[in-house]
Amino acid sequence: MSVFDLTLQDIHSKLRNKELTVTDLVDASYRRIADVDGRIGAFLALDEENARRTAQQLDKQLGTDEPRGLLFGLPAGLKDNIVTAGLATTCASKFLSNYDPIYDATVVRKLRDAQAVTVGKLNMDEFAMGGSGENSAVKPTRNPWHPDHVPGGSSSGSAAAVAAGEVYFALGSDTGGSIRQPASYCGIVGMKPTYGLVSRFGLVAFASSLDQIGPLTKNVEDCAYVLQSIVGHDPQDSTSLNVTDIPDYLSALTGDIQGLRVALPKEYMGEGIDPRVKERVLEAIRVLESLGAVVEEVSLPHTEYAVAAYYLLASSEASSNLARYDGVRYGVRTDNAGNLLDVYRYSRSEGFGPEVKRRIMLGTYALSSGYYDAYYLKAQKVRTLIKRDFDNVFANYDVVVGPTAPTPAFKLGEQVGDPLTMYLNDILTIPVNLAGIPAISVPCGFADGLPVGLQVIGKALNESTVLRVAHAFERSTDHHKQRPQLKA
Amino acid sequence: MSISKQDVEHVANLARLELTDAEKEQFAEQLSAILKYAEQLSELNTDGIEPTSHPMPLLNVMREDEARPSWPLEEVLKNAPDEEDGQFKVPAVLE
């Protein structure tokens, strides 16, 4: 058993009782990385010297009365689109392969305040575009449950590192499912908070109206601890919500969901959903019912339009956001440039991978003269309809549940040549980003040895109820205690 | 909607991308498929529906117009591919 299988409270009590040191925890992380990451490919960079120095400082604090942070001593990994001063931040892109940020993202500062220890940066689909991890320009990440299968994406390294026991927790980012879908594929917990709850300052922008940072953990309680540590208003992010009374998420984990009203959208269990996934979700619903929740079928009628709307909107925002990569101020500049226009064109063409180019092309097209109304504006209006679907359901229900992804993890290479099929994997996660509401994926069993995730979706800023339902479910099952058999 | 190779070239120019012939052909095919899929949105009547650009109501966020310290120049230029005299350096705009 790994020390990372202990609960956060057990780890903290062992630290207090001097049965464990922060250095032991950091050692455990780097040892595990050395043992398994050659096969998993979760890490892009390690920050071992700094992590060990931090561990020593925290160990000194252990003997004192100084108050300890919520995440004291816990080894963490960060998706490589979260900027870290003095530690390379590449977005798994050739373009940023030499980028050495001069500032920390707000979440990095917050993790430091909570006294977590950053051990390194995690692999991802390039610029967070993808759902399999295969779009990393560096290397693909493999699913710890089966090396032939993808870990999901785009927070591929974040999910795989937590599932493989390389870190205690990780942060990822979720634009259309990029935390929840890999969490589902890797058998762990992943949460996308309400848009604006966690600062995006220092998150490399993909689609600014959809991006949100969130935790990937082994269980819901850890998720609540991490969430508590990273939320809050940030004047450096103009879209950050000014929430004055942040709830105590841990106190929401009561286990009591008696009488809670749960909606199951028929569209989330319809065509295209793997029957094994459907079966696991129906079992999960019986668990919720046995705990006293009232589950009823509802309709989110515009679900089938979400993927089309999302890919137009997200790609449009991406084409605009990625215009900053011009080879002038940072990043890798081409060697083939005679004039300034060539610097732009060749630096971008040499630096971006195929999926990034595809989305820039799609977004540029959707925003271009003559097509704006038909594509971009139309998609924005459909976004309103999708948001209203949720508003209507949430007028009568506390949460919406369903699968996180239509299938378990697919095989590496299986969908690489077929972007549209790959996009359709996000059909159940995308509507949540379009509506800006919170959702979690929690393990709900297996399909032929590969994990399946249950998604719990809540009202805006009602993370507490989402966590309460996920926690009550988790307490009644042992899916989250299963670990992949990775021999050292 | 079918995307021709010429459309791809036009969009690539707008996006400041230099594509190979193989890429142009592949993107023409893939973008056509994606846009064909996206056309299902036209089935929906959206008359009178307001577009959503952000999930939360957003207002302009202002701060006091006070001078604040800037980053040191050497930090700002640390990642520059080329620089001279404290400025980013690029090749000639016009040849």
Side-chain angles (χ1 to χ4, degrees), chain A residues 98-100 102 195-196 209 235 238-239 241 302 304-305 308-309 311-312 319 323 326-333 337-346 348-349 352 354 357-358 360-362 364-365 368 374-375 377-385 387 419-420 423 434-437 460, chain B residues 1 3 7-8 10-20 23 26-27 30-31 33-56 58-63 71-72 74-83 88-95:
Chain A
N98 60 359
Y99 180 50
D100 184 13
I102 61 172
Y195 180 84
S209 81
S238 63
T239 60
L241 294 174
H302 297 97
E304 64 175 302
Y305 301 100
Y311 275 93
L312 292 173
S319 72
D326 55 10
V328 173
R329 291 150 301 153
Y330 46 75
V332 178
R333 182 184 292 184
N339 60 38
L340 184 59
L341 195 56
D342 284 349
V343 168
Y344 300 156
R345 283 206 301 241
Y346 288 101
R348 290 163 66 77
S349 303
F352 293 148
K357 287 182 191 170
R358 189 154 42 235
I360 290 174
M361 292 287 291
L362 177 62
T364 305
Y365 183 84
S368 68
Y375 291 110
L377 191 63
K378 184 77 181 181
Q380 284 191 315
K381 290 179 176 177
V382 174
R383 183 175 186 179
T384 305
L385 296 175
K387 200 163 180 280
L420 193 53
Y423 295 171
L434 292 172
I437 53 184
Chain B
M1 189 77 207
I3 303 292
D7 294 331
V8 168
H10 170 64
V11 175
N13 181 47
L14 293 176
R16 297 292 184 251
L17 289 170
E18 187 69 36
L19 303 179
T20 63
E23 279 178 320
Q26 199 188 26
F27 283 152
Q30 291 173 336
L31 293 178
I34 295 166
L35 289 169
K36 185 162 173 284
Y37 177 79
E39 257 158 45
Q40 60 173 301
L41 297 185
S42 63
E43 295 166 9
L44 289 171
N45 181 352
T46 51
D47 293 350
I49 304 288
E50 285 296 312
T52 297
S53 56
H54 257 272
M56 298 292 161
L58 269 187
L59 296 170
N60 281 334
V61 180
M62 306 287 192
R63 67 166 175 85
W71 286 98
E74 62 184 53
E75 285 283 286
V76 174
L77 292 169
K78 189 172 77 167
N79 284 285
D82 199 4
E83 48 114 356
F88 297 107
K89 190 178 174 190
V90 294
V93 177
L94 299 169
E95 279 165 288

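Note that this is a predicted model, so its numbers are computed, not measured. Sequence lines set the chain letters: A, B, ... in the order given, protein chains first and strands last, and positions in each chain run from 1.
- Within a 6.0 Å sphere centred on CD of B/E43, other residues, nucleotides and ligands contribute more than 12 heavy atoms.
- Taken to the nearest 0.5 Å, the CD atom of B/E83 stands 10.0 Å off from the CD atom of B/E74.
- For a residue to count as touching a neighbouring chain, one of its non-hydrogen atoms must lie under 4.5 Å from one of that chain's; by this rule A/P354 touches chain B with the backbone only.
- Put simply, of B/E23, B/H10, B/R63, the one with the most heavy-atom pairs under 4.5 Å next to chain A is B/E23.
- Between chain A and the options B/I49, B/V76, B/V61, the largest number of non-hydrogen pairs under 4.5 Å is found for B/I49.
- Note: A/Y305 OH to A/L385 CG = 10.0 Å, rounded to the nearest 0.5 Å.
- Counting heavy-atom pairs closer than 4.5 Å to chain A, the top-ranked of the candidates B/V90, B/L44, B/D82, B/L77 is B/L44.
- Remark: the backbone N or O of B/Y37 is paired with a side-chain donor or acceptor of B/Q40 at under 3.5 angstrom.
- Applying the side chain to side chain contact (heavy atoms under 4.5 Å, CB included) rule to A/S368 yields the partners A/Y371, B/L14; only residues at least two apart in sequence or on another chain are considered.
- Among A/K357, A/R329, A/R348, A/E304, the residue making the largest number of heavy-atom pairs under 4.5 Å with chain B is A/R329.
- For the set A/T364, A/D326, A/I102, the entry with the most heavy-atom pairs within less than 4.5 Å of chain B is A/I102.
- With values rounded to the nearest 0.5 angstrom, A/R383 atom CZ is found 15.5 Å from A/H302 atom NE2.
- Contact count versus chain B (heavy atoms, under 4.5 Å) is highest, among A/V332, A/L362, A/N98, A/I360, for A/L362.
- Contact count versus chain B (heavy atoms, under 4.5 Å) is highest, among A/L434, A/V343, A/I437, A/T239, for A/T239.
- A search for salt bridge (charged side-chain N to carboxylate O under 4.0 Å, His left out) contacts involving A/R358 returns A/E355, not counting sequence neighbours.
- A/L241 touches chain B through its side chain: at least one heavy atom from C-beta onward sits under 4.5 Å away, while N, CA, C and O do not.
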Test side chain to side chain donor-acceptor pair (under 3.5 Å) on B/T46 and A/K378; report intermediate values, then the result. CA-CA 8 Å; B/T46 51; A/K378 184 77 181 181; 2.9 Å; yes
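- Of all the listed residues (B/M56, B/E50, B/Q30), the one sharing the greatest number of non-hydrogen pairs under 4.5 Å with chain A is B/Q30.
- Heavy atoms of A/A379 lying under 4.5 Å from chain B belong to its backbone as well as its side chain.
- The residue among A/Y195, A/Y344, A/Y99 with the most heavy atom pairs within less than 4.5 Å of chain B is A/Y195.
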